[in-house]
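Here the structure is laid out as structure tokens; the discussion comes afterwards.
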Amino acid sequence: MSGGTVASLPEGLLDGGLWFRVEAPSAAAAVRRSAERLAAELGMPDRRTADLSIVVAEAAGNLAKHADEGKALLRPARSGTEAGVEIILIDKGPGMADVLRSSGDGHSTAGTLGIGLGAIARQAGWCDLHSVPGKGTVLAAQVWPTAAPEPAWASGLTRPLTGEPVSGDGFAVRHTGERRQVLVCDGLGHGRLAHAATQEAVRVFGGLPEAPPAAVVDALHRTLGHTRGAALAVAELDQQRGLVRYAGLGNISGTIIAPDGGRRGMVSLPGIAGHQRRQIREYEYPLAPGAVVLMHTDGVVDRWSAADYPGLLSHSPQVIAATVLRDAGTRRDDAGVLVARLP
């Protein structure tokens with residue numbers, strides 16, 4: 001095992017992830033070094049840390065060489081008691097018309113070791129990639145100490161306002177008993193106080209007993225009074241009945257996207273969790289097979305259509321969320337997106 005606590009981990013790396021701009025080889029090297037330090041902090045075996053180094057070096061190196069506005073998110077990935085490392089890369093480059101051919105060894109690696117996207121697929125425990133010509137590419141990959149767990153049924157991404165070290169937006173996922181629930185939270189304002197409100201909501205959400213979304217939102221409201229407050233919403237995906245139960249306070253957007261790209265919005269009521277609420281109501285919506293639930297904060301605009309991204313809805317929640325954040329996230333606020341689908 002890689003030993004001990006590693007000093008000087010970048011702020012945020014163990015708290016939701018850290019974003020990097022990757023527009024030069026030096027930036028790609030910084031992502032690789034941070035990945036190695038995170039792996040050591042998580043106690044990843046040396047062999048898997050070496051695999052992680054290959055994945056990150058190749059992925060970030062390609063981003064620096066071929067992408068426009070390339071960015072990488074590095075963060076822990078957790079499943080039960082095990083922890084791995086996840087890297088998500090996004091760009092607004094030319095995209096790939098033939099992803100399968102681009103994944104062959106040597107194709108995407110001009111001037112590099114020639115191991116390309118094929119090496120990422122082999123060394124990572126799990127990876128997913130979606131690309132649209134003219135719009136860019138999103139790649140997500142995970143490296144685990146042992147075999148990769150089942151792919152996540154829900155995941156999200158947050159990005160802080162430019163210039164802030166932490167984001168006031170956050171999300172959480174839990175599966176207790178028969179209930180699959182997700183939380184999206186936007187701490188009032190931005191910066192560290194907004195971040196603290198959201199982290200408290202995430203902490204409380206993870207420890208609450210099983211309850212319907214409206215009861216969960218009410219419990220969160222009652223426990224956030226010592227913070228500056230937050231907009232938040234909870235969705236529950238019911239596989240047996242094929243529906244979504246949804247309750248929210250404040251400006252969180254929730255949408256059900258059908259496999260054909262059709263959209264149906266879900267209702268959040270006015271209020272600030274922890275400070276102001278007139279009522280909390282729970283709504284039910286049908287959830288067709290293959291549909292996804294997409295939730296986001298007001299740092300993401302609604303001018304986004306699945307029809308512009310052929311095949312995207314068949315990809316992982318990470319790749320869908322990263323695509324939305326890339327193309328619909330604003331730089332004038334914290335931004336957060338969560339995607340969930342029934343397994």
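Quick note: residue numbers are just sequence positions, from 1.
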cation_pi(Arg174, Phe205) dist<6.0 Å, angle<=45: yes
Using modelled atom types and a 3.5 Å cut-off, is there a donor and acceptor pairing between side-chain atoms of Thr158 and backbone atoms of Gly336? no
If we ignore hydrogens and angles and just use 3.5 Å, is the side chain of Arg326 paired with the main-chain N or O of Asp91 as donor and acceptor? yes
Test salt bridge (Lys or Arg N to Asp or Glu O under 4.0 Å) on Glu36 and Arg33 and set out the steps. CA-CA 5 Å; Glu36 292 170 349; Arg33 290 193 299 270; over 6 Å; no
Enclosure of Glu150 CD (heavy-atom neighbours >12, cutoff 6.0 Å): no
Tell me the closest heavy-atom pair linking Pro213 and Arg245, and the distance in Å. CG-O, 3.7 Å
Glu282 (side chain) donor-acceptor with Ala214 (main chain) under 3.5 angstrom: yes
Has the side chain of Gln239 got a donor or acceptor atom that lies under 3.5 Å from a matching backbone atom of Pro343? yes
Is it true that a side-chain atom of Gln181 and a backbone atom of Ala211 form a donor plus acceptor pair closer than 3.5 Å? yes
Main-chain N/O of Glu82 paired with Ser79 side-chain donor or acceptor, under 3.5 Å: no
If you look at every heavy atom in Ala233 and Ser268, which pair is closest and at what distance? CB-OG, 4.1 Å
Side chains of His296 and Asp302: do they bring a donor and an acceptor to under 3.5 Å? yes
Quick check: does any side chain N or O of Arg179 sit under 3.5 Å from a backbone N or O of Leu237, one acting as donor and the other as acceptor? no
Given 3.5 Å as the limit, does a donor-acceptor pair link the side chain of Thr330 with the main chain of Gly299, or not? yes
Val143 to Val55 - nearest heavy-atom pair and separation: CG2-CG2, 4.2 Å
Would Asp186 and Thr297 satisfy side chain to side chain donor-acceptor pair (under 3.5 Å), going step by step from the backbone distance to the final call? CA-CA 6 Å; Asp186 180 354; Thr297 66; 4.6 Å; no
Does one hydrophobic cluster hold both Leu183 and Val217, with members joined at side-chain heavy-atom distances below 4.5 Å? yes
Look only at the side chain of Thr227 and the backbone of Leu224, and say whether a donor-acceptor pair between them is shorter than 3.5 Å. yes
Begin from the C-alpha positions of Glu41 and Arg37 and carry the test salt bridge (Lys or Arg N to Asp or Glu O under 4.0 Å) through to its verdict. CA-CA 6 Å; Glu41 179 74 10; Arg37 288 149 66 190; over 6 Å; no
When rounded to the nearest 0.5 angstrom, what distance separates CG in Leu294 from CZ in Arg341? 11.0 Å
Spell out, yes or no, whether Ile256 and Val234 are grouped together once hydrophobic residues are joined by side-chain heavy atoms under 4.5 Å, including indirect joins. no
Exercise: identify the closest heavy-atom pair between Pro45 and Pro145: CD-CB, 3.7 Å
Is it true that the NZ or CZ of Arg180 lies under 6.0 Å from the centre of Trp153's six-membered ring and within 45 degrees of the ring axis? yes
Shortest non-hydrogen pair, Gly177 vs Glu210, comes out as CA-OE2, 3.6 Å
With Lys71 as the cation and Phe20 as the aromatic partner, state whether NZ or CZ is under 6.0 Å from the six-membered ring centre and within 45° of the axis. no
Atom pair CZ/CD1 of Arg264 and Ile257 - distance to nearest 0.5 Å: 14.0 Å
Smallest heavy-atom separation, Ser155 atom then Phe171 atom, equals C-CE1, 4.4 Å
Can you say whether the rings of His130 and His315 are parallel (under 30°), tilted (30 to 60°) or perpendicular (over 60°)? perpendicular
State plainly whether one hydrophobic cluster holds both Leu18 and Leu38, where clusters connect Ile, Leu, Val, Met, Phe, Trp and Tyr through side-chain heavy atoms under 4.5 angstrom apart. yes
Going from CG on Leu63 to CD1 on Ile87, what distance comes out if it is rounded to the nearest 0.5 angstrom? 8.5 Å
Between the main-chain N or O of Val31 and the side-chain N or O of Ser34, is there a donor-acceptor pair closer than 3.5 Å? no
What do you reckon, is CZ of Arg263 surrounded by more than 12 foreign heavy atoms closer than 6.0 Å? yes
Is Val292 reachable from Leu338 through a run of hydrophobic residues whose side-chain heavy atoms are each under 4.5 Å from the next? no
Hey, any chance Tyr283 and Ile252 share a hydrophobic cluster, counting ILVMFWY side chains that come within less than 4.5 Å of each other, even indirectly? yes
